[in-house]
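Here the structure is a predicted model, which means the values were calculated and not measured. Quick note on labels: first sequence line is chain A, next is B, and so on, each numbered from 1.
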Protein chains: 2
Amino acid sequence: MNLLTQPAPASALIDGEAKRCVDFADRGLQYGDGIFSTLPLVAGFPLLLGRHLDRLQRDAGRLKIPFPDRSNLLQEALRLASFNPEGVLKILLTRGVGGRGYRLPQRGETTRILSVHPRPGYPDETRTRGVRVRWCELRLGINPRLAGIKHLNRLEQVLARAEWDDERILEGLMRDEEGFLVEGVMSNVFLVQGGRLLTPLIDRCGVAGVMRALVMELARQAGLAVEETRILPRQAWEAEELFLTNSVNGIWPVCGLEEKPFEPGAITRMLSRRLEALIGSELETRCEG
Amino acid sequence: MNLLTQPAPASALIDGEAKRCVDFADRGLQYGDGIFSTLPLVAGFPLLLGRHLDRLQRDAGRLKIPFPDRSNLLQEALRLASFNPEGVLKILLTRGVGGRGYRLPQRGETTRILSVHPRPGYPDETRTRGVRVRWCELRLGINPRLAGIKHLNRLEQVLARAEWDDERILEGLMRDEEGFLVEGVMSNVFLVQGGRLLTPLIDRCGVAGVMRALVMELARQAGLAVEETRILPRQAWEAEELFLTNSVNGIWPVCGLEEKPFEPGAITRMLSRRLEALIGSELETRCEG
């Protein structure tokens with residue numbers, strides 16, 4: 001094998017090619033006209049890839065972005081994972097180049113951008129002891145047409161994340177315009193109250209995360225009552241347990257909300273164990289297959 | 001002059017270079033983390049460029065995007081205009097590459113994308129007889145932190161513009177979540193009622209256009225009472241005159257709102273004349289200078 005003629009292992013594929021260049025006229029850049037999903041790579045395996053592709057397909061449908069050939073996306077994800085066995089895979093789809101102004105292009109060609117990034121260096125104890133969180137000032141605007149979708153219009157998150165610099169605080173909780181709790185800047189949020197699991201309804205704003213859906217499934221399998229509902233900040237303060245979910249970090253117990261301490265509780269620990277078991281069995285099946 | 005070695009006249013400059021390529025990791029693409037402004041090129045002259053640069057600088061300040069050297073932007077705009085004397089210039093600024101997740105990069109380098117596009121082929125009578133408009137179903141979410149800014153989070157406009165295909169309808173009017181009139185998909189909106197000029201307050205959502213500000217100035221200079229206020233759809237139906245503004249098309253009288261006909265009225269015509277005079281004198285000064 002001649003190393004000199006072998007291309008460097010790609011960390012990004014754009015429409016299947018190893019490159020970093022996107023046309024400036026792409027609607028993803030011009031209007032944030034696109035969607036994304038982010039997942040961990042473990043030992044060369046993209047965790048829960050099927051669920052992430054399902055979510056991308058559902059979000060694309062809601063925005064009427066033509067969904068690319070699913071087996072292409074799968075192949076490209078596996079190709080990147082083989083070059084970069086540990087990391088974070090981001091799959092980003094845009095409506096592509098074209099269209100005069102905001103109007104949809106007549107024959108759009110969806111742009112596929114798959115890229116690998118280092119895993120964020122959070123210490124292990126974020127999953128066991130938990131993380132400290134704060135309230136964000138910025139309120140999420142209400143728009144049911146965009147609610148749930150992991151789209152590229154993320155200025156609210158950028159401004160919310162710019163509200164604090166304290167390295168010890170890993171997440172901020174966000175409320176909507178009416179003051180209801182919605183989510184974290186980069187995570188979904190769950191409360192345990194009276195033995196029930198509560199999570200904000202994502203019908204007016206917020207992102208309906210893949211990990212959020214999975215944790216609700218695991219909780220129901222464990223016989224827990226799970227409710228998606230409007231949640232007031234007061235309920236977060238008074239929760240018996242409080243935890244965050246996202247696809248890269250899994251479940252993060254909250255050990256402090258502003259100055260109030262929380263203990264990682266029994267239900268949070270049970271769900272973390274079930275999640276680890278599910279991931280373990282997914283990795284094992286893949287090794288056998 | 002050797003034509004073979006001369007580069008093609010650039011229609012886009014990215015960070016000062018004639019190219020089309022943007023790094024996929026640019027935050028403009030990843031998060032819609034940027035702003036833009038659009039203006040006409042007339043006989044090689046970028047109309048109202050100073051006002052557009054002022055607006056970009058103000059919007060950048062609100063999003064804490066480092067504003068690039070203003071004389072660079074000016075030079076680049078003039079350079080593109082010299083290659084492309086007639087068209088539309090779009091100046092787009094992003095927070096550049098970098099930053100882990102939503103967090104702001106420590107030392108960001110703002111990306112500058114200047115590009116020239118053909119003028120939209122609207123017939124002249126759009127400015128004299130007027131345009132037909134409709135109501136959009138999609139409601140604008142309320143977020144005072146983003147209100148007024150011409151940022152890259154434009155999915156609401158993309159979805160609103162996708163609501164109709166009828167080529168005879170050139171614009172859609174948008175309401176906010178509470179039902180108040182805010183703007184057109186690509187324009188601001190003005191009403192004449194009892195001899196006063198009314199336009200929606202842009203303090204909770206919407207874009208505060210350069211042409212909107214200019215038309216308010218011209219109206220005040222003409223002795224008109226101008227009010228920025230909350231406006232109900234009913235007031236648009238009942239207005240004596242109704243018109244739209246944007247930087248590329250100037251003033252568009254509305255000649256029909258859904259099925260209701262409107263006449264381009266005396267105040268709309270007066271403001272159009274004053275706008276033409278101002279633009280004429282700007283072009284003349286520039287030719288003398």
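A salt bridge is absent between B/Glu177 and A/Arg145; no separation between the charged side-chain nitrogens and carboxylate oxygens falls under 4.0 Å. Between B/Asp26 and A/Arg20 there is no salt bridge, since none of the side-chain N atoms of the basic residue sits less than 4.0 Å from a carboxylate O of the acidic one.
Residue contact with chain B, scored on non-hydrogen atoms closer than 4.5 Å, involves the side chain of A/Leu92 exclusively. With a 4.5 angstrom heavy-atom cutoff, A/Gln30 touches chain B via backbone and side-chain atoms both. Residue A/Thr111: no heavy atom, backbone or side chain, is found under 4.5 Å from chain B. Contact annotation for A/Ala160: neither backbone nor side-chain heavy atoms come within less than 4.5 Å of a heavy atom of chain B. For A/Leu152, the parts lying near chain B are the backbone and the side chain together; criterion is any non-hydrogen pair under 4.5 Å. Using a 4.5 Å cut-off between heavy atoms, A/Leu155 touches chain B through backbone and side chain atoms alike. For A/Arg95, the part lying near chain B is the side chain, with the backbone staying farther off; criterion is any non-hydrogen pair under 4.5 Å. Interface remark: A/Asp165 contributes backbone and side-chain atoms alike to the contact with chain B (heavy atom separation under 4.5 Å). For A/Lys64, no part lies under 4.5 angstrom from a heavy atom of chain B.
Heavy-atom contacts from other residues, nucleotides or ligands closer than 6.0 Å to CG of A/Asp124 number 12 or fewer. Within a 6.0 Å sphere centred on CD of A/Glu86, heavy atoms belonging to other residues, nucleotides or ligands number more than 12.
Of the residues considered (B/Lys19, B/Arg154, B/Met186), B/Arg154 shows the highest number of contacts with chain A, using heavy-atom pairs under 4.5 Å. Contact count against chain A (heavy-atom pairs under 4.5 Å) is highest for B/Gly141 among B/Gly141, B/Pro118, B/Cys205. Highest contact tally toward chain B, considering only A/His151, A/Lys90, A/Arg204, A/Glu137, is held by A/Lys90 [criterion: heavy-atom pairs under 4.5 Å]. When B/Val158, B/Thr38, B/Ile14 are compared by the number of non-hydrogen pairs under 4.5 Å with chain A, B/Val158 comes out ahead. Of the listed residues (B/Ile142, B/Thr94, B/Leu63), the greatest number of heavy-atom pairs within a distance under 4.5 Å of chain A belongs to B/Ile142.
Here the side chain of A/Asn153 pairs no donor or acceptor atom with the backbone of B/Tyr31 at under 3.5 angstrom. With hydrogens and angles disregarded, a donor-acceptor distance shorter than 3.5 Å links the side chain of B/Asn143 to the backbone of A/Arg139.
Of all heavy-atom pairs between B/Val22 and A/Phe24, the closest is CG2-CB, 3.7 Å.
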Salt bridge (Lys or Arg N to Asp or Glu O under 4.0 Å) evaluation trace for B/Glu163 with A/Arg103: CA-CA 10 Å; B/Glu163 289 183 19; A/Arg103 201 166 181 185; over 6 Å; no
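Partners of B/Arg112 under the salt bridge (Lys or Arg N to Asp or Glu O under 4.0 Å) rule, at least two apart in sequence or in another chain, are B/Glu76.
A distance of 8.0 Å separates CG of A/Leu104 from CG of B/Leu159, quoted to the nearest 0.5 Å.
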